[in-house]
Amino acid sequence: MSFEKGHNPLAIANYFIELSSYKGLSLVKLMKISYISHGFTLAILDKPLSEQPAEAWKYGPVFPMIYHEFKHYKDIYNITERAKIFDGPIGSSFNDDEKKIMEVVFNKHKNDSAEKLITLTHETDGPWDEAWKQGGKFTKNYKIDNQKIQKYYKDKIEQANVG
């Protein structure tokens with residue numbers, strides 16, 4: 001299956017930073033919420049949110065552009081600046097369905113601890129776990145397949161609808 005192109009990961013980061021009003025959003029939370037939103041966008045809209053593939057790193061799924069732009073916030077609780085890209089008005093590149101998914105994910109997880117988000121994205125046999133094992137646990141930039149992410153999040157939606 002071939003997916004259409006997603007958005008610049010830094011535009012995604014900027015949107016979440018704006019939603020957070022620059023309060024309580026750490027680098028870990030930003031990366032996990034971006035990844036979860038990417039998964040639900042794949043599952044619901046059949047297209048990726050990010051144009052850059054997620055990678056399986058030791059501490060979970062990462063969009064490298066987001067990590068490298070904000071890594072100076074690694075030990076700080078609040079990200080206090082947007083990514084240095086021009087995206088016009090914040091969120092202008094996203095359609096209404098993408099914004100809705102991002103806002104639902106953000107509102108559901110904005111008060112979760114980084115540890116809880118790490119647990120959510122590190123489930124055994126989930127997309128990160130499979131890619132991490134396949135990459136031999138030593139390859140920092142092993143790509144996580146969008147089809148596996150899509151299936152995982154479609155299964156999550158199905159489980160929620162059944163339960």
Side-chain angles (χ1 to χ4, degrees), residues 6-45 47-50 52-85 87 89-129 131-132 144 146 148-163:
H7 301 277
N8 183 318
L10 298 181
I12 297 166
N14 282 347
Y15 194 65
F16 285 124
I17 292 165
E18 186 76 14
L19 286 176
S20 76
S21 302
Y22 299 86
K23 295 181 210 151
L25 192 62
S26 66
L27 176 59
V28 170
K29 285 177 81 167
L30 176 60
M31 287 193 298
K32 303 308 179 204
I33 288 172
S34 297
Y35 175 77
I36 293 167
S37 294
H38 177 72
F40 279 112
T41 302
L42 282 164
I44 295 167
L45 303 179
K47 66 181 191 175
L49 184 59
S50 173
Q52 181 183 50
E55 295 181 357
W57 288 15
K58 182 178 181 179
Y59 298 107
V62 171
F63 292 108
M65 287 177 73
I66 294 175
Y67 176 80
H68 291 299
E69 179 71 18
F70 294 102
K71 63 186 171 189
H72 58 282
Y73 283 103
K74 193 163 98 180
D75 298 320
I76 301 172
Y77 186 65
N78 286 332
I79 293 177
T80 59
E81 65 183 351
R82 293 185 294 144
K84 295 171 184 76
I85 63 163
D87 183 42
I90 296 293
S92 64
S93 64
F94 304 107
N95 68 38
D96 289 343
D97 291 334
E98 292 165 333
K99 286 181 186 178
K100 178 77 173 166
I101 290 167
M102 293 169 72
E103 290 166 7
V104 167
V105 169
F106 178 79
N107 287 325
K108 179 172 175 55
H109 295 292
K110 67 183 177 185
N111 295 320
D112 289 349
S113 68
E115 292 78 17
K116 181 175 181 179
L117 292 171
I118 289 168
T119 300
L120 284 174
T121 57
H122 287 107
E123 282 190 358
T124 302
D125 298 327
W128 171 83
D129 185 53
W132 185 242
I144 304 174
N146 272 342
K148 289 183 180 184
I149 298 170
Q150 182 183 43
K151 181 184 179 332
Y152 176 82
Y153 281 93
K154 279 187 182 231
D155 290 349
K156 287 280 183 200
I157 291 167
E158 188 176 303
Q159 290 167 6
N161 288 336
V162 171

Qualifying residues under ring-ring contact (aromatic ring centres under 6.0 Å, His included), relative to Y153, sequence neighbours excluded: F40
Under a 4.5 Å cut-off applied to non-hydrogen side-chain atoms, are [X] and [Y] in contact?
X   : Y    : result
K47 : N95  : yes
S37 : I12  : no
S20 : F106 : yes
I44 : D97  : no

Any chance you could measure [X], atom [atom1], to [Y], atom [atom2], to the nearest 0.5 Å?
X    : Y    : atom1 : atom2 : value
Y35  : L117 : OH    : CG    : 13.0 Å
Q150 : L45  : CD    : CG    : 10.0 Å
L42  : K148 : CG    : NZ    : 14.0 Å
Y152 : I144 : OH    : CD1   : 11.0 Å
M102 : L49  : CE    : CG    : 5.0 Å

Donor-acceptor contact below 3.5 Å, side chain [X] vs main chain [Y]:
X    : Y    : value
H122 : W128 : no
E69  : I66  : no
S21  : K23  : no
N8   : L10  : yes
N14  : R82  : no

Closest non-hydrogen atom pair, [X] against [Y]:
X    : Y   : answer
I157 : A43 : CD1-CB, 3.8 Å
M65  : Q52 : N-OE1, 3.1 Å
P53  : P64 : O-CD, 4.1 Å
Y67  : K74 : OH-CD, 4.1 Å

side-chain hydrogen bond (donor to acceptor under 3.5 Å, both in side chains) filter on K154, not counting sequence neighbours, yields D46
Could you list the donor-acceptor pairs under 3.5 angstrom formed between side-chain atoms of residues 26-34 and any protein atom two or more places apart in sequence or on another chain?
| residue | atom | partner | partner atom | Å |
| --- | --- | --- | --- | --- |
| S26 | OG | K29 | N | 3.2 |
| K29 | NZ | K110 | O | 2.6 |
| K29 | NZ | D112 | O | 3.0 |
| K32 | NZ | Y59 | O | 2.9 |
| S34 | OG | L30 | O | 2.7 |

Between H38 and F63, does the ring centre distance come in under 6.0 Å? yes
One pair to check against side chain to side chain contact (heavy atoms under 4.5 Å, CB included): L19 and L25. What are the steps and the verdict? CA-CA 10 Å; L19 286 176; L25 192 62; over 6 Å; no
After noting the C-alpha distance and the side-chain angles of H7 and Y15, does the key distance pass the side chain to side chain contact (heavy atoms under 4.5 Å, CB included) rule? CA-CA 11 Å; H7 301 277; Y15 194 65; over 6 Å; no
Just wondering, more than 12 heavy atoms not from D96 lying within 6.0 Å of its CG? no
